[in-house]
Amino acid sequence: MVKFNADAMGIVFPNMFDKLVPELTSERLMASIPFGSRYRMIDFVLSSMVHCGIDNIAILVRENYFSLLDHLGSGREWDLARKNGGLNIFPPFAQKNMGVYGGRIEAVASILRFLKSQKEKYVIMTDTNIAMNFDFKALLDAHIESGADVTVAYKKEELPERTPSMENVGQGIFYTFDMEGDKVTKVHINSQKTGLQNFGMNIYVMDRELLIDTINTAFIGGAVYFERDVLVPKLGELDVRGYEYTGYTSRITGLKSYFDENMRLLDEDNLEQLFSGNSIHTKIRDDNPTRYIGDAKASNVMVADGCIIEGEVENSILFRGVKVGKGAKVKNCVLMQDTVVKAGADVEYVITDKKVTITENKELKGADSYPVFVAKRQIV
C-alpha cells in the first residue's frame, strides 16, 4: 500500500467534534460515525496517511471509544499492523499522567514521553470530522519547502449554516485565517462572517521537537487549545503558513449536514472526486453481494454489500446488511448497518442508526430540512 516513506508521524484526535452530532455520538465518537454506505469517518484520514507513507499513527481517544477499537482492530486493513510504529491507540488513563483531555494541548501533553521516543522529524495532527482523500505528502513537502514553524491546512469555502457560534462554543471550535500570500496573519475563532473564508481543516504540521517544546511550555502555563492558546498569541513569533486544499471534502457539522453530505455522494461527480486516486480502506465484513428479489426497484442509490432488497429504494444510502421488505418504500434515506424495513413500510427523509427495525406497514417521514433520526437498536 505504501508507495514511499515520509519522515512524519500522525496524531489523530477522534473525539474533538463529538458534540456537534450528539444523536450519532451517544455510543461512539466522531471517528467511528458510519459514512458513505460502508466506511467510518476515520477511514479517510488513516487511508490518506498510509498512502502518503505515514505508517506511525497515534490515536488519542477520550470517551465512547469501544466502537472505534472494534473497527480498527490491529490496523491490518490499513497496513498498520507493525512491530515498529503502526497504529498506537492511547485511551484515557493508559499512563499515570494521562487523563480525559479537553483540547489538543492536554491530549498531546499526555503522550510527550511517547513523542520523545519517536524517530520521525515531523508530526501531522488532524481531526476526523472531514471525509476527504487528502495528499499529506504534498502538505508535508510544502511545509518543508517554506521553512515554516507551523503549516495549517485550509479550504476556501463558505461557512456551514450550523457552524457553532461564540454563544455555543462548547459544541466545537472552528478557525478561519487571514492570509498575506501563504502567511497566516490572523486567526478568527468561530467567525460568523459570510462569503468565502479560509476555513481551517484542523490539520497541522510541525517539527516534532518544536511540538514537544511548545506543548510542554503551553501545558505548564495552563493552556488547553492549540490554536487559541498557542497559534493566536504567537503569530508574531512563529512562522505560520497556510496550505490550501482544493479537493473534495465532506465536513460534518451536525445531523443535517451528515444527511446532506451522504446524499451528495449520489451525484457521480462528487463520488468520483472523493474516491478517485488513492483507495479508501475500511474494516472487512464478509457479506454476500446485495440481492434484488422479485419486484424490487432501485433508483439513484448507493448500496453496500449484504443487503436484501424486495421493495422500492430511491435516492438513498444503504449500509451493509440492510433489508427492505416486499412492498416497502424507502426514499431519501440514510439507513445504517443491519437496518430492517419490513413489508409495506413507507419511510422518507429518515436516518436510522445500526440495527433499527421499522415494522410492517409503518409510515415514517421527515423533511429535507429536518430528517427524522431513529436511534440504535430501536423498533418503530
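For the residue pair His281/Asp43, the side-chain donor-acceptor check at 3.5 Å is not satisfied. For the residue pair Asn315 / Lys331, no side-chain donor-acceptor distance below 3.5 Å is found, with atom types taken as modelled. Using modelled atom types and a 3.5 Å distance limit, the side chains of Asn15 and Asp18 yield a donor-acceptor pair. Judged purely by distance below 3.5 Å, without hydrogens or angles, the side chains of Asn133 and Asn278 never pair a donor atom with an acceptor atom. Gln118 and Asn56 are linked by a side-chain donor-acceptor pair at a separation below 3.5 angstrom, with hydrogens and angles left out of the test.
Between Asp141 and Glu145 the shortest side-chain heavy-atom distance does not fall below 4.5 Å.
Geometrically, Arg264 does not engage Phe259 in a cation-pi contact defined by less than 6.0 Å to the ring centre and at most 45° from the axis. Cation-pi check for Arg104 over Phe13 is met; the charged atom lies under 6.0 angstrom from the ring centroid and within 45 degrees of its normal.
Not a single donor-acceptor pair under 3.5 Å links the side chain of Asp127 to the backbone N or O of Ile203.
Listed here is the closest heavy atom pair of Thr151 and Ser146: OG1-OG, 4.4 Å.
Within a 6.0 Å sphere centred on CD1 of Ile379, other residues, nucleotides and ligands contribute 12 heavy atoms or fewer. More than 12 heavy-atom neighbours from other residues, nucleotides or ligands sit within 6.0 angstrom of NZ on Lys156. The number of heavy-atom neighbours closer than 6.0 Å to NZ of Lys355, taken from other residues, nucleotides and ligands shown, is 12 or below. Crowding of Lys155 atom NZ: a count of heavy atoms from other residues, nucleotides or ligands under 6.0 Å exceeding 12.
Screening Asp305, Asp338, Asp70 against Arg285 for a salt bridge (charged side-chain N to carboxylate O under 4.0 Å, His left out) leaves a single residue, Asp338. The one candidate from Arg377, Lys376, Arg28 that meets the salt bridge (charged side-chain N to carboxylate O under 4.0 Å, His left out) condition with Asp353 is Arg28.
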Can you list the steps and then say if Glu23 with Tyr258 is a side-chain hydrogen bond (donor to acceptor under 3.5 Å, both in side chains)?
CA-CA 11 Å; Glu23 301 90 345; Tyr258 172 78; over 6 Å; no
Is there a ring pair (Phe, Tyr, Trp, His ring centres under 6.0 Å) between Tyr243 and Tyr204? Walk through the geometry before answering.
CA-CA 10 Å; Tyr243 172 83; Tyr204 306 92; over 10 Å; no
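Note on ring orientation: taking the six-membered ring where Trp is involved, the planes of Phe177 and Tyr154 are perpendicular (angle over 60°, cut-offs 30° and 60°).
Ionic pairing of Asp287 and Arg320 is not present here: no N-O contact between side-chain nitrogen and carboxylate oxygen is shorter than 4.0 angstrom.
Cluster annotation: Leu159 and Ile252 are assigned to the same hydrophobic cluster (Ile/Leu/Val/Met/Phe/Trp/Tyr, side-chain heavy-atom contacts under 4.5 Å, transitive).
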